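Please read the structure below before turning to the comments.
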Amino acid sequence: MKSYDAAVIGGGVLGCFALRSLCRYRLSAVLIEAQADVCMGVTRANSAIVYAGYDNKPGSLKARMCVRANRHFHELCSELDVPFSRCGSLMTSCGEKGNAVLEKKYRDGIANGLEGLELISGDKARKMEPMLSRDVQSALYAPMTGTVNPWRLGIAACENAVQNGAELRLNTKLLAIKETDGGYILHTDREDIFCKAVINCAGLSAHVVQRMVYPCAVSIEKDAADFLVMDRDIEKPSRIIFQEKEDGKGITAVPCTEGNLLVDSAPRAMTRPYATSAEGIESIKKQLTALLPELEQDIIRTFAALRPNPHSEDGRSINDFCIETPAPGFVSLIGIKTPGLTCAEELGRYVAGICAEYLQAPPNPAFDGHRQAIDCADGDIVCLCEGISRAEIVESIRRGARTVEAVKRRVGTGMGRCQGSRCEIKIAQILETYSNGTL
Amino acid sequence: MEHYDILIVGGGAAGISAAKSAKGKKVLLAEREEKLGGILLQCAHRGFGGDLSGMEYAATLTAGLDNVKVSLNTTVLSINCDKTALLSQKDSGRRKISFSRLILATGAMEIAAGALPIAGDRPKGVYTAGMMQKLVNCQGFAPDGPVVILGSGDIGLIMAAAIAKMDIPVTLVEKEAALGGMARNRRRLDGLSVDMVLNSTVAEIFGERELEAVLLSSGEKLPCKTLLVAVGLECDRKLIRKLENPEWLRLCGNCERVHPMIESVINDGTQAGEWACGI
């Protein structure tokens, strides 16, 4: 049985950063992921926002981490060579109730130590974003809000961890955990693994994983949200637009680093996992017309997201990050929702720190946090919509992509208007040629 | 910088025809694939120029191109208003060329499932009909049945016939009260076992990883393992999006408007070639 100092369960963006952070210490680490690639669950369908930190209650862990993480986000993304756009955001309101929400968020933001936050009039908001509806009365402007591609960030963190000696076990489903002398035996559908410490980043199943060996008072309910992706070529706002309606949170429109506008809805009840709802999509379109009337709704894809919504035993929704340590060598991140993506590195570093302290692992002086994005090209253009060449695809395979989807999420093939219908056959052929282990 | 009198983008039927009629000029025909023919190369069905298959017809079409410089494996990345174009060729990389006239013959693109208001899961097994046509006719692939085809235009009809001939159960779903497409393509279904559901569309997809079923707007749930989307084509004009109808540009073939008949594409291409020579 293979033995490690620390094992991370779950390869979402949180697990990837936990693994990378473990590499900052002198220890052996492994990540176990049930799917064929990392970042295939909650991370795959995420609103891609790097929050400023005005949404969170002053003094909460979320507020502290979010503000700090946002400040360092540029640094993190340049270290990992991932595109980050600090495009700023406008939270808009069209009525008195909304205006009051904006004022409260402004006060919370100031209390959380945010700089540059501004409450502005509808007219001023329209000067910044001329596409905004005449109905917008006021807006909360946050210049520090940004956007990052969630899976690109997670994959970059994972690649960097592997560069630093961590191991990755994909297609490996955890079945049971047994506490044993000096650690845990992880029973998987492949082989058993021994580890001295566990970091549980199992996302929607984090409570289930903890209950494999310890009680867990927190339960996770799944909230869903629908998303629309617009063609890159439409005219769109340059900042993230949040819609605060008189009856609560509305839609969010994010000009992504890839150039598409991503529009999502407020959370709704889940029907089937990752299944979109027709009503949900119709409702986004309607709200988008109200918010940005001139926008050409040129939709190229719709998808649904799931968000872990943590509840306490008495059924109340928990409004902060839940970090549990049911035993000294076992840390769980449970129900990490917004601003989980923003705080992924902070959270990873925090849980890896707990783990390293338990293991009494000293810092690893050889740790190198720099990773380079795929930066090669040849003349053979495979993905016509996005102009991606064969050389980039081959490099993504060299870095571990084994499916058309995995290639897509590393180099962006199939993300354009034809949604892969013109290039997927070629990509499958390239995968066949290069992924047989001889590379 | 290399200069051409005429740059033709796209080596399908329209581009080839334009190149043939552009006599006496220095012409560059840029084709992104390794062979000329465009969409004809994935058409195994007969009915081109009499009774040829698309593949056979492409071969007859390309004869007589001797005086034209054909650049295969070459994607045109951009076209600029100063009459230059950036080309990317498989083995030689990028190069910029200049031209006097441009003929765009980039064809049309299928509307992908993502653009449609279909709710539900996003499993494997959902393709555009054209992608499946290429898989079947050029890769020897057979779709997992049962197959549902959404849209009974020409491509939907041709694929329904091709799949039925493989003895794979297939259902055509059409939102109108009657089948679409040309009569000669509707006749392809004669004597074949193809189920049809009219006045209906696909409302929802089921199957977390693999496609399991589609729910129709009529309320009927059809179990299936493959869904082909054949709802239409849109002209591929991405390359000239930022140009404002310059007098040196002409569109021909399916990027100008979708032509149901190959003869009409060829005619259009021929005229474009003559235009480019005439001015």
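A quick note: this is a predicted structure, and the numbers were derived from the prediction, not measured. Per chain, numbering begins at 1; letters A, B, ... match sequence-line order.
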Answer yes or no: is there a side-chain heavy-atom contact under 4.5 Å between A:R417 and B:M109?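 Yes, side chains in contact.
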Most chain A-contacting option - heavy-atom pairs closer than 4.5 Å, from [options]:
options	value
B:E234, B:K242, B:E110	B:E234
B:E204, B:E208, B:R32, B:R94	B:R32
B:A115, B:G120, B:G114, B:A119	B:G120

Partner chain B: residue of [options] with the largest heavy-atom pair count (under 4.5 Å):
options	value
A:I300, A:L228, A:D233	A:D233
A:Q419, A:E282, A:K426	A:K426
A:I425, A:V229, A:I299	A:I425

Could you please spell out the steps behind the side chain to side chain contact (heavy atoms under 4.5 Å, CB included) verdict for A:T302 and B:R122? CA-CA 9 Å; A:T302 57; B:R122 296 291 176 262; 2.7 Å; yes
Using non-hydrogen atoms and a 4.5 Å limit, figure out which bit of A:A278 sits close to chain B: side chain, backbone, both or neither.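 Both backbone and side chain of A:A278 come within 4.5 Å of chain B.
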Which region of A:E405, side chain (C-beta onward) or backbone (N, CA, C, O), has a non-hydrogen atom less than 4.5 Å from a non-hydrogen atom of chain B, or is it both or neither?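 A:E405 has no heavy atom closer than 4.5 Å to chain B.
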Contact origin within [X] toward chain A - heavy atom pairs under 4.5 Å:
X	value
B:F141	neither
B:I111	neither
B:R241	side chain
B:L87	neither
B:E34	neither

So with a 6.0 Å cut-off around [atom1] of [X], is the heavy-atom count from everything else above 12?
X	atom1	value
A:E235	CD	no
B:K175	NZ	no
A:K173	NZ	no
A:D375	CG	no

Stepwise side chain to side chain contact (heavy atoms under 4.5 Å, CB included) test for B:D236 and A:R422: CA-CA 12 Å; B:D236 186 355; A:R422 298 189 292 179; 3.0 Å; yes
With a strict 4.5 Å heavy-atom criterion, list every residue of residues 209-230 of chain B that contacts chain A, or say none.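 Residues of residues 209-230 of chain B touching chain A at under 4.5 Å: B:R209.
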Any residue of residues 124-138 of chain B which, by heavy atoms, sits under 4.5 Å from chain A: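 Near chain A, by residue number: B:T128, B:M131, B:K134, B:L135.
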When you check the gap from the basic side-chain N to the acidic O, do A:D231 and B:K238 get nearer than 4.0 Å?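 So A:D231 does not pair with B:K238 through a salt bridge.
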Between [X] and [Y], what is the shortest heavy-atom contact and its length?
X	Y	answer
B:A112	A:C418	CB-O, 3.6 Å
B:D121	A:P273	OD1-O, 3.7 Å
B:S88	A:G379	OG-O, 2.7 Å
B:T75	A:I381	OG1-CB, 3.5 Å

